Amino acid sequence: MIPKEQILDRIHDIPTLPTVYTTVSKAMEDPYITNEKIAEIISADQLSSFKILRVVNSPLFGFRGKIDTITQAILYLGHNEVKNILFTVSLLKIMPGSKILSALKPVDLWAHSISVGVISRIIGGEIKDKKIENYFLAGVLHDFGKLLFIEYMSKEYAEALDIAQKNKIEISAVEADKFGITHAELGAKLSEKWKLPEIIINTLKNHHKGTSDLPSQENLVAAVHIGDIASKLLSLGYSGDPVIKKPVNTAWRKLSLPEDFFTNNRKKIILEYEHIFKMLMIN
């Protein structure tokens, strides 16, 4: 087993988040900041602004009219939702993606992750969670630890993927045995370093369990857990897992989704995933 500390040392030089995200986050701490000022900061990064507007104009975010400016996006979606979309855009910028494994390509993993973000947010809308702004980001980030393994431990992770495939077992089990840390735990550790909200960190850590020790975070953890499995069943991208496990009963019961939820929303999920994946992956 490779010592966990050695793994954490290897990702110590993970790139910092782009200045636009850190500046916006800092500005939003000011209770007197105006939407216009936040929009001015974001708009200084033209590519980020373009992507945010393309994403927020997706039906996923529920607006019939067209949002033409970042100020409008902030007004309709709120500070946190816009900041979370900006984080997603920023993340795609900083991850090099130079390591490509035959068993798991970063673009396929991003496709899976974005689809889980879409499905999780649709679930959040269905259950009318007041903190719906966290659903898309948590879904997109849930497998981020795998990207770290691919980028910083490509040879060892290729071996782990091969073991999982040959034995038809979950990649998390191989990670725990080979590295002493899973992609869920690794992603959560980096999220702590980036000072993301506790609810996001907790969701990354527990998305395979489908449950949380904190009642206020149970809905989000359950939604990402179900979204992850649904994405695999719909073959949206590829997560590197050769097996698809059944959802945890407590997660399904917690969300109380209608039995025909995925039958009724299948077309919407696929269309929204295709739209947002295309928008986010534009260089």
Side-chain angles (χ1 to χ4, degrees), residues 60 104 108-146 161 164-165 167-177 182-188 191 199-273 276-277:
L60 180 67
L104 182 59
D108 293 333
L109 185 54
W110 273 120
H112 166 70
S113 298
I114 290 168
S115 73
V116 176
V118 169
I119 297 168
S120 299
R121 198 180 194 285
I122 291 173
I123 291 174
E126 175 70 24
I127 65 175
K128 297 178 171 55
D129 195 320
K130 293 180 181 178
K131 292 288 185 180
I132 195 171
E133 69 268 13
N134 293 314
Y135 281 73
F136 180 67
L137 178 60
V140 171
L141 282 180
H142 81 286
D143 269 353
F144 189 67
K146 291 178 184 175
L161 289 164
Q165 185 64 48
N167 294 281
K168 295 294 182 270
I169 56 177
E170 287 185 82
I171 188 62
S172 292
V174 182
E175 293 165 353
D177 182 63
T182 67
H183 67 271
E185 295 165 331
L186 190 59
S191 296
I199 190 170
I200 300 292
I201 297 168
N202 187 52
T203 301
L204 265 60
K205 191 183 298 181
N206 294 304
H207 73 270
H208 283 294
K209 289 169 53 181
T211 59
S212 171
D213 296 331
L214 302 171
S216 63
Q217 300 180 5
E218 284 182 340
N219 282 346
L220 181 57
V221 174
V224 174
H225 173 75
I226 298 296
D228 183 27
I229 295 169
S231 168
K232 293 170 184 174
L233 289 170
L234 291 169
S235 300
L236 302 177
Y238 182 57
S239 71
D241 261 314
V243 294
I244 304 174
K245 68 177 186 178
K246 293 181 179 179
V248 174
N249 286 334
T250 51
W252 188 260
R253 288 199 303 268
K254 176 65 183 174
L255 296 173
S256 298
L257 294 173
E259 288 187 9
D260 57 358
F261 174 79
F262 284 104
T263 301
N264 292 340
N265 285 281
R266 185 178 186 275
K267 184 177 180 180
K268 177 181 180 180
I269 287 168
I270 293 172
L271 288 174
E272 289 309 311
Y273 151 70
I276 291 182
F277 177 73

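The model shown is predicted, which means the values in this text are computed figures rather than measured ones.
Across all their heavy atoms, Ala230 and Ile119 have their closest contact at CB-CD1, 4.1 Å. Across all non-hydrogen atoms, the minimal contact from Asn134 to Ile200 is O-CD1, 3.9 Å. In terms of heavy atoms, Leu234 sits closest to Ile269 at CD1-CG2, 4.0 Å. Minimum interatomic distance between Tyr135 and Ala223 (heavy atoms only, all atoms of both residues): CE2-CB, 3.5 Å. Among all heavy-atom pairs drawn from Gly210 and Ala251, the shortest one is O-CB, 3.6 Å. The minimum heavy-atom distance between Val224 and Gly139, with the atom names listed, is CG2-N, 4.0 Å.
His183 and His142 share no side-chain donor-acceptor pair at under 3.5 Å.
The closest side-chain heavy-atom distance from Leu109 to Tyr238 is not below 4.5 Å. In this structure, Asp143 and Ser239 have side chains that are in contact, with non-hydrogen atoms separated by less than 4.5 Å. Side chains of Ile276 and Phe136 form a contact here, defined as non-hydrogen atoms less than 4.5 Å apart. Side-chain contact check for Val116 versus Val140: every heavy-atom pair is 4.5 Å or farther apart. Residues Glu175 and Lys146 have side chains in contact (heavy-atom distance under 4.5 Å, counting atoms from C-beta outward).
The CG atom of Asn264 sits 11.5 Å away from the CD atom of Glu259 when rounded to the nearest 0.5 Å. With rounding to the nearest 0.5 angstrom, the OG atom of Ser216 is 6.0 Å from the CD1 atom of Ile199. Between the CD atom in Gln165 and the CG atom in Asn167 there is a gap of 10.0 Å [rounded to 0.5 Å]. Separating the CG atom in Leu141 from the OG atom in Ser191 is a distance of 5.5 Å, to the nearest 0.5 Å.
Using cut-offs of 30° and 60° for the angle between ring planes, the Trp110 and Phe144 rings count as tilted.
Legend: residues meeting salt bridge (charged side-chain N to carboxylate O under 4.0 Å, His left out) with Asp129, ordered by chain and number and at least two apart, are absent. For Glu218, the salt bridge (charged side-chain N to carboxylate O under 4.0 Å, His left out) partners at least two apart in sequence or on another chain are Lys254. Listed by chain and residue number, Asn202, Lys209, Val221 satisfy the side-chain contact (heavy atoms from CB on, under 4.5 Å) test with Asn206 (two or more places apart in sequence, or in another chain). Considering only residues two or more places apart in sequence or on other chains, Phe261 meets the side-chain contact (heavy atoms from CB on, under 4.5 Å) condition with Ile122, Ile123, Glu126, Leu257, Pro258, Asn265.
Heavy atoms of other residues, nucleotides or ligands lying less than 6.0 angstrom from CG of Asp260 number more than 12. The neighbour count for Lys168 NZ, taken as heavy atoms of other residues, nucleotides or ligands under 6.0 Å away, is above 12.
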Under the side-chain hydrogen bond (donor to acceptor under 3.5 Å, both in side chains) criterion, do Asp228 and His207 qualify, and how do the steps go? CA-CA 8 Å; Asp228 183 27; His207 73 270; 4.5 Å; no
Side chain to side chain contact (heavy atoms under 4.5 Å, CB included) for Asp108 and His112? Distances and angles first, verdict last. CA-CA 6 Å; Asp108 293 333; His112 166 70; over 6 Å; no
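Applying the side-chain hydrogen bond (donor to acceptor under 3.5 Å, both in side chains) rule to pairs touching residues 113-122 yields Glu81-Arg121, Ser115-Ser231, sequence neighbours excluded.
Between the side chain of Glu272 and the backbone N or O of Leu60, at least one donor-acceptor pair lies under 3.5 Å.
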Would you tabulate the side-chain donor-acceptor contacts of residues 241-250 under 3.5 Å, counting partners in other chains and residues two or more places apart, or write 'none'?
from, atom 1, to, atom 2, distance (Å)
Asp241, OD1, Ile171, N, 2.8
Asp241, OD2, Lys232, NZ, 3.4
Lys245, NZ, His208, O, 2.7

